[in-house]
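Chain identifiers are assigned alphabetically (A, B, ...) following the order of the sequence lines, protein sequences preceding nucleic acid strands; residue numbering begins at 1 within each chain.
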2 protein chains.
Amino acid sequence: MSKLVTLRKPAECATDNTMCTASLKAIQDIMDILGGKWKIAIVTCLCYNPRRYSELLKLVDGISGKVLSRELKDLEMNKLIVRTVKDTQPISVEYAITEYGNTFKELIQTMAEWGIKHRKKIIGK
Amino acid sequence: MSKLVTLRKPAECATDNTMCTASLKAIQDIMDILGGKWKIAIVTCLCYNPRRYSELLKLVDGISGKVLSRELKDLEMNKLIVRTVKDTQPISVEYAITEYGNTFKELIQTMAEWGIKHRKKIIGK
DNA sequence: CAGTATCCGGTTTGATACTG
DNA sequence: CAGTATCAAACCGGATACTG
């Protein structure tokens with residue numbers, strides 16, 4: 001039941017390569033699941049509201065149908081989202097964030113805030 | 001001095017597309033700077049300690065020299081890191097996180113923690 | 001040491017057309 | 001609507017050799 005890595009305060013590990021390597025490994029893990037051009041955007045979308053395939057296609061600017069469906073499959077495999085087929089006419093499919101995927105919301109919020117600050121710093125100067 | 005976006009609590013924005021779109025934009029901003037296969041890993045490394053080019057080449061597993069130097073340039077342009085040439089013999093170059101880039105540390109920590117939890121859930125079950 | 005230049009092959013992607 | 005199939009083009013990314 002040992003931890004894979006324990007992050008310590010900067011001052012404590014200033015020269016510690018082991019900590020760095022361990023963090024890199026953890027970062028690697030998360031990037032495997034959420035890396036790439038689109039996954040974080042899709043999860044962000046679904047954090048706010050469940051969406052249908054066609055809605056996502058419009059919301060996630062620039063993504064193509066092929067790529068969207070592939071990314072959705074990946075995310076579903078990792079249990080971040082669920083796919084629900086609704087028996088309407090014609091059929092409709094809803095993608096929603098899982099309880100688990102929802103634990104990612106805090107991270108998204110932090111990232112979004114950072115993005116806003118950065119824009120102010122670089123562009124809004 | 002208006003905010004670009006204000007994230008609200010889930011319950012408040014369950015059906016709010018505007019919020020979603022605004023967050024997507026912010027996420028986009030941050031991904032432009034830190035997206036791709038390597039940038040987050042490099043910044044993570046430098047958050048712990050300044051590093052020389054050759055050290056990074058070893059620490060960031062799998063990266064090639066060409067790609068590393070390109071990524072370092074990008075990060076420098078965005079003021080996340082600084083490059084310092086040391087007048088040794090032979091010459092050595094040190095890359096360090098900037099005060100600004102350091103604001104990213106909290107995010108890295110959150111990501112690393114999430115990565116660890118995910119591994120436990122999926123693999124360590 | 002700290003890169004840059006070149007070549008080159010694999011992956012990813014976008015368009016388009018198609019299916020149930 | 002919600003995808004899948006196909007194909008060519010674009011985009012990396014690695015290996016190697018080279019420079020100051």
(request) Report which part of the nucleic acid A:Gly36 touches: base, sugar-phosphate, or nothing (heavy-atom distance under 4.0 Å, all strands). (result) nothing
note: A:Leu56, atom CG; D:dA2, atom P; distance rounded to Å ~ 10 Å
B:Lys37 atom NZ is separated from D:dC12 atom P, nearest whole Å, by 12 Å
note: B:Trp38, atom CH2; D:dG14, atom C1'; distance rounded to Å ~ 11 Å
Among D:dT4, C:dT4, C:dC1, the one nearest any side-chain atom of B:Tyr53 is C:dT4
* Asked: Same hydrophobic cluster for B:Leu56 and B:Val85, using side-chain heavy-atom links shorter than 4.5 Å among ILVMFWY?
  -> yes
Would you kindly confirm whether B:Leu24 and B:Leu107 end up in one hydrophobic cluster when ILVMFWY residues are joined by side chain heavy atoms under 4.5 Å apart?
no
Taken to the nearest whole Å, CD1/A:Ile63 to P/C:dT13 is 9 Å
Residues passing the salt bridge (Lys or Arg N to Asp or Glu O under 4.0 Å) test with A:Lys117, sequence neighbours excluded, are none
Q: Please check if A:Val82 and A:Leu34 belong to a single hydrophobic cluster, counting links between Ile, Leu, Val, Met, Phe, Trp and Tyr side chain heavy atoms closer than 4.5 Å.
A: no
If the cut-off is 4.0 Å, is A:Ser64 near the phosphate of C:dT13, judged by side-chain N/O to OP1 or OP2?
no
Numerically ordered, the residues 66-79 of chain A set in heavy-atom contact under 4.0 Å with DNA chain C is A:Lys66, A:Val67, A:Arg70
Taking only N and O in the side chain of A:Arg52, is any of them less than 4.0 Å away from OP1 or OP2 of D:dC1?
no
By side-chain contact (heavy atoms from CB on, under 4.5 Å), A:Glu94 pairs with (sequence neighbours left out) A:Pro50, A:Lys86
Checklist entry - Aromatic rings A:Phe104 and B:Trp114: how do their planes relate, parallel, tilted or perpendicular, breaks at 30° and 60°? => result perpendicular
Output field dot_bracket for DNA chain D (Watson-Crick or G-U, both distances under 3.5 Å, | for other-strand pairs) contains ||||||||||||||||||||
Closest non-hydrogen contact found for B:Tyr95 with B:Val93 is CE1-CG1, 3.9 Å
Report all side-chain donor-acceptor pairs from residues 57-70 of chain B shorter than 3.5 Å, counting only partners two or more places apart or in another chain.
from	atom 1	to	atom 2	distance (Å)
B:Ser64	OG	B:Val67	N	3.4
B:Ser69	OG	B:Gly65	O	3.4
B:Ser69	OG	B:Lys66	O	3.0

The correct set of residues in residues 80-96 of chain A placing a heavy atom under 4.0 Å from DNA chain C is none
If you define the side chain from C-beta out and look only at heavy atoms, does anything of A:Lys25 sit under 4.5 Å from A:Thr21?
no
### Message
Within the structure provided, determine whether B:Trp38 and B:Asp74 are in side-chain contact (heavy-atom separation under 4.5 Å).
### Response
no
Discussion item. So B:Ile116 and A:Asp29, do their side chains get closer than 4.5 Å, heavy atoms only?
Written reply: no
